[in-house]
Amino acid sequence: MTTTIIPSLTDIADALEQMADHIARVGLHKGALYDEDAADGGTPLGDCPTCTVGAACHVIYGQPRYTVDQPTAEQTTLLYAVVDLLQDRLGEDAISWSDGHDQEHVVDYLRATVVELRAGVAS
């Protein structure tokens, strides 16, 4: 028997809030999940600017990329749930959307989404 893991809207909202905080702190990167040049120059991965999906990876996997040692099923399911929710709401790929906007817009959008999700959970 297979157990299906479904993240709650609260879990997704918590991840989105942490993503917004992360991008606000480190900056928004365009063209890749994170600023690889900064990382190559010695900046710790957790301090490198990220795109929206890179921020999701950072929050969920602890680093702004997909390649992690044996992520749990819960981590992977949460990552896909967060990215899928964003893409459904945006009507486009989250990475492309992130690349097309500035840091303030991305952070504001993520925070507004958190408020809407939490309002839906409370009602």
Side-chain angles (χ1 to χ4, degrees):
M1 180 162 93
T2 302
T3 302
T4 303
I5 302 162
I6 301 172
S8 70
L9 286 179
T10 300
D11 292 336
I12 294 169
D14 289 348
L16 289 167
E17 182 173 50
Q18 291 173 48
M19 289 163 56
D21 291 346
H22 182 71
I23 293 170
R25 182 179 69 81
V26 302
L28 180 68
H29 185 68
K30 299 179 182 201
L33 293 178
Y34 65 98
D35 187 342
E36 295 175 18
D37 290 337
D40 290 345
T43 301
L45 284 177
D47 293 331
C48 292
T50 65
C51 75
T52 303
V53 176
C57 290
H58 170 77
V59 165
I60 296 164
Y61 291 150
Q63 59 184 4
R65 56 185 176 197
Y66 296 112
T67 55
V68 297
D69 293 329
Q70 300 180 9
T72 66
E74 290 84 3
Q75 287 173 309
T76 300
T77 302
L78 179 57
L79 179 69
Y80 284 110
V82 167
V83 173
D84 287 349
L85 179 133
L86 280 175
Q87 291 180 162
D88 287 347
R89 292 174 63 91
L90 295 165
E92 67 179 296
D93 175 76
I95 293 173
S96 298
W97 172 81
S98 182
D99 286 351
H101 295 283
D102 65 19
Q103 178 176 335
E104 181 179 4
H105 180 83
V106 170
V107 169
D108 287 349
Y109 184 85
L110 292 174
R111 289 189 172 141
T113 302
V114 169
V115 169
E116 289 177 26
L117 290 176
R118 290 194 173 138
V121 169
S123 57

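All residue numbers refer to positions in the sequence shown, counting from 1.
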If you measure from [atom1] on [X] to [atom2] on [Y], what distance do you get to the nearest 0.5 Å?
X   : Y    : atom1 : atom2 : value
T72 : Y61  : OG1   : OH    : 8.0 Å
L85 : L9   : CG    : CG    : 7.5 Å
M19 : T113 : CE    : OG1   : 9.5 Å

Heavy-atom pair of closest approach, residues [X] and [Y]:
X    : Y   : value
C57  : L79 : N-CD1, 3.9 Å
C51  : I95 : SG-CG1, 4.3 Å
V107 : A20 : CG2-O, 3.8 Å

* **With sequence neighbours excluded, residues passing side-chain hydrogen bond (donor to acceptor under 3.5 Å, both in side chains) with D21** =>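 For D21, the residues satisfying side-chain hydrogen bond (donor to acceptor under 3.5 Å, both in side chains) (neighbours in sequence not counted) are R111.
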* Asked: Around E74, counting heavy atoms of other residues, nucleotides and ligands shown, do more than 12 lie under 6.0 Å from its CD?
  ->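 More than 12 heavy atoms, drawn from other residues, nucleotides or ligands, come within 6.0 Å of this atom.
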* **With Y34, the side-chain contact (heavy atoms from CB on, under 4.5 Å) member among R65, Q63, H29** =>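 It is R65, the one option of R65, Q63, H29 that forms the side-chain contact (heavy atoms from CB on, under 4.5 Å) with Y34.
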* Can you spot which of D11, V115, V114, V59 makes a side-chain contact (heavy atoms from CB on, under 4.5 Å) with L16? =>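 The passing option is V114.
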Mind checking whether [X] and [Y] have side chains closer than 4.5 Å, heavy atoms only?
X    : Y    : value
L78  : I12  : yes
Y109 : H101 : no
H58  : V26  : no
C48  : T43  : yes
D14  : R118 : yes
T77  : I6   : no

Is the side chain of [X] donor-acceptor paired with the backbone N or O of [Y] at a distance under 3.5 Å, no angle test?
X   : Y   : value
S98 : T52 : yes
Q75 : I60 : yes
Q87 : A94 : yes

* Counterpart residues, salt bridge (charged side-chain N to carboxylate O under 4.0 Å, His left out), relative to D47 (two or more places apart) ->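 Salt bridge (charged side-chain N to carboxylate O under 4.0 Å, His left out) check on D47 returns R25.
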* To do: Could you state whether L86 and Y66 fall into the same hydrophobic cluster, counting links through intermediate Ile, Leu, Val, Met, Phe, Trp or Tyr residues with side-chain heavy atoms under 4.5 angstrom apart?
  =>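 Yes: a chain of side-chain contacts under 4.5 Å links L86 to Y66.
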* Just checking, any donor-acceptor pair under 3.5 angstrom between side chains of D99 and S96? ->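 Checked: D99/S96 side chains show no N/O donor-acceptor pair below 3.5 Å.
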* Asked: Does a side-chain N-to-carboxylate-O contact under 4.0 Å join D102 and K30?
  ->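 K30 and D102: not salt-bridged.
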